[in-house]
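Below: one structure, written as structure tokens.
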2 protein chains.
Amino acid sequence: MSSRKNLLGLAVLAYLSQRPMHPYELSKTLREHGDDRSIKFTHGSVYMVVEQLLKAGLIAEQETTREGQRPERTVYGITPDGRAELQAWLRDLVGVPRHEYPAFGSALSLVSALHPDVVVELLRERLERLREERVTTAKLAEGTEPHPLFLVEEVYRLGLLDAEIAFVERFIERIAEWRPMWAGYHEQNS
Amino acid sequence: MSSRKNLLGLAVLAYLSQRPMHPYELSKTLREHGDDRSIKFTHGSVYMVVEQLLKAGLIAEQETTREGQRPERTVYGITPDGRAELQAWLRDLVGVPRHEYPAFGSALSLVSALHPDVVVELLRERLERLREERVTTAKLAEGTEPHPLFLVEEVYRLGLLDAEIAFVERFIERIAEWRPMWAGYHEQNS
DNA sequence: TCTATCATGTAACCAGTTACATGATTTT
DNA sequence: AAAATCATGTAACTGGTTACATGATAGA
């Protein structure tokens, strides 16, 4: 229960809705399809969520085979409940925005603890890296291989990147205006 | 160690760098300052990270007092190591963008599992809520109470919101173009 | 004075990460 | 044939969330 926590569970449901697989295969397939760009997971966490989905009755053990002397593989398939949950979960994610906590946002809320001059320097570094990231993301987003539909997430990411770049540029400018007050505050307690 | 995981730790260091506090006070102060908009935490998790920071030597027990019959309160203060870590951690966060995993991005990477018509409907719902959220965020971002520097995180959030709104609008348009292929794929397996 | 809420903390549970294990295949 | 990597999984640890506990004050 409470399965709606780890997005990896959603991905597993989605893949198993196409055909049954064993966990290792899931892991490999997810990675091959580049899903590790949108969903955080490791080899180990795949086994974990498979366990969870199993307990929740959303997937079921289909068969256990052994091939040569390789370890046993357990193949899992999605259940009707699993299909329903896949749809419901996705609908919820698409329809209802949730409050997010990007790390940069957290840092911004505490940034006054740094001296304004170092902040400016750091923001310039950040800009460089953001621009690099933008280039590689743009290349991905402009693909057309299977179908652009499967790259729409990169388009989204690109939009976020551009917004962040614009914000950082603007922020640097405003720091110039605020510098006296901000720097004064720092000299006062150190 | 490996303290650089939970952003709440950073916030605690930042607050303790101003004055010593006990965990409950930290929790209350964080919430009063609206830091729960940028950092995810609960009452319980504050005690947890305080424990971690203590083990890592970044904060230290300062005194233990008892007032009336209230439970004992342990007051913690930041150590020199803690101050160093606060600066280093913040510098890293500001200077180096990390790969993020927004939930909507994950959903987008799997959205083909939904029928295009329901996706459009859901995206319209999402747009409405995004616009509401935009209004309240804009109000916050335009404040000037202590100093705009302390609201810069809301400005950032506003930029992200606008980017997402633009993306969703555009996505709806493109679904119209893609609908035939996408819908066909769905009829084929169901 | 009863009830609600505040103040403060702990304990138990669940989720996630990391490290390890081991036979099979491929490369050098 | 030695070394590296693939295929497959488990176990141990660490982190995070939730639920509970209990006296104090404030409101009805």
Side-chain angles (χ1 to χ4, degrees), chain A residues 1-13 15 20-32 35-36 39-56 58-59 61-76 89 98-99 101 103 106, chain B residues 1-12 15 20-32 36 39-56 58-59 61-76 89 98-99 101 103 106:
Chain A
M1 58 221 67
S2 95
S3 191
R4 296 263 184 102
K5 201 69 195 173
N6 190 340
L7 272 303
L8 178 55
L10 183 68
V12 167
L13 285 178
Y15 276 84
M21 295 193 228
H22 56 93
Y24 186 88
E25 194 182 0
L26 273 168
S27 186
K28 227 187 47 172
T29 311
L30 282 165
R31 222 169 278 286
E32 270 165 10
D35 288 307
D36 53 352
I39 292 172
K40 187 152 54 103
F41 69 96
T42 70
H43 173 57
S45 54
V46 173
Y47 285 88
M48 192 209 346
V49 299
V50 163
E51 196 68 25
Q52 287 165 192
L53 296 174
L54 187 64
K55 267 186 204 147
L58 304 178
I59 66 178
E61 199 166 320
Q62 192 119 336
E63 50 168 349
T64 300
T65 70
R66 156 172 311 227
E67 192 176 303
Q69 270 322 89
R70 297 231 192 91
E72 268 192 359
R73 303 172 312 175
T74 305
V75 176
Y76 297 90
W89 193 351
R98 28 249 323 136
H99 192 87
Y101 300 86
S106 310
Chain B
M1 58 218 70
S2 95
S3 193
R4 295 262 183 102
K5 202 69 195 169
N6 190 340
L7 273 304
L8 179 56
L10 183 69
V12 167
Y15 276 83
M21 295 192 228
H22 56 93
Y24 186 87
E25 194 182 358
L26 273 168
S27 185
K28 227 187 46 174
T29 311
L30 282 166
R31 221 169 278 286
E32 270 165 10
D36 52 352
I39 292 173
K40 186 151 55 103
F41 70 95
T42 69
H43 173 57
S45 54
V46 174
Y47 285 88
M48 192 208 345
V49 299
V50 163
E51 196 68 23
Q52 287 166 190
L53 296 174
L54 187 63
K55 268 187 205 148
L58 305 178
I59 65 177
E61 199 166 319
Q62 191 120 337
E63 51 167 349
T64 299
T65 70
R66 153 171 315 226
E67 193 175 302
Q69 271 324 88
R70 297 232 192 91
E72 268 191 359
R73 302 174 312 176
T74 305
V75 176
Y76 297 90
W89 192 351
R98 28 248 326 135
H99 192 88
Y101 300 85
S106 311

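Worth knowing before you read on, the calculation uses all heavy atoms, side chains too, and leaves out hydrogens, waters and symmetry mates. Here is the naming used below: chain letters follow the sequence lines, and residue numbers restart at 1 for every chain. Since we're looking at a predicted model, the values are computed, not measured.
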Integer-rounded Å distance: [N] [atom2] and [X] [atom1]:
X	N	atom1	atom2	value
Lys5(A)	dC14(C)	NZ	P	15 Å
Tyr24(B)	dT22(D)	OH	P	18 Å
Leu53(A)	dA15(C)	CG	P	11 Å
Arg31(A)	dC6(D)	CZ	P	12 Å
Phe41(A)	dG16(C)	CZ	P	14 Å
Met21(A)	dA7(D)	CE	C1'	16 Å
Glu51(B)	dG15(D)	CD	P	11 Å
Leu26(A)	dA7(D)	CG	C1'	14 Å

**Pairwise 5' ranking along DNA chain D for Val49(B) and His43(B), keeping only the more 5' one** =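 The residue mapped nearer the 5' terminus is Val49(B).
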
**Prompt:** Touch check for His22(A), heavy atoms < 4.0 angstrom, all strands: base, sugar-phosphate only, or nothing?
**Reply:**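 Answer is sugar-phosphate: His22(A) comes under 4.0 Å of backbone atoms only.
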
**Asked** Which heavy atom in Leu13(A) sits nearest to a heavy atom in Trp89(A), and how many Å separate them?
**Response**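 Answer, listing the atom of Leu13(A) first, then Trp89(A): CD1-CE3, 4.3 Å.
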
**Prompt:** Nearest heavy-atom pair of Leu30(B) and Phe41(B): which atoms, and what distance?
**Reply:**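 The answer is CB-CZ, 3.6 Å.
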
**Message:** Counting only side-chain nitrogens and oxygens, does Gln52(A) get under 4.0 Å of the OP1 or OP2 atom of dG16(C)?
**Reply:**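 Gln52(A) to dG16(C) OP1/OP2: side-chain N or O found under 4.0 Å.
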
**Message:** Side-chain N or O of Asn6(B) versus OP1/OP2 of dG16(D): is the shortest distance under 4.0 Å?
**Reply:**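 Yes, such a contact exists.
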
**Message:** Would the distance check show the side chain of Ser45(B) and the main-chain N or O of Met48(B) forming a donor-acceptor pair, the cut-off being under 3.5 Å?
**Reply:**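 No, the answer is negative, given that no donor and acceptor are paired below the 3.5 Å cut-off.
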
**Closest to side chain of Lys28(B), choosing from dT17(C), dA7(C), dA7(D)** =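 Of the candidates, dA7(C) comes closest.
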
**Request:** Look at the aromatic rings of His22(B) and Tyr24(B) and report parallel, tilted or perpendicular, splitting at 30° and 60°.
**Result:**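 Aromatic pair His22(B)/Tyr24(B) classed parallel.
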
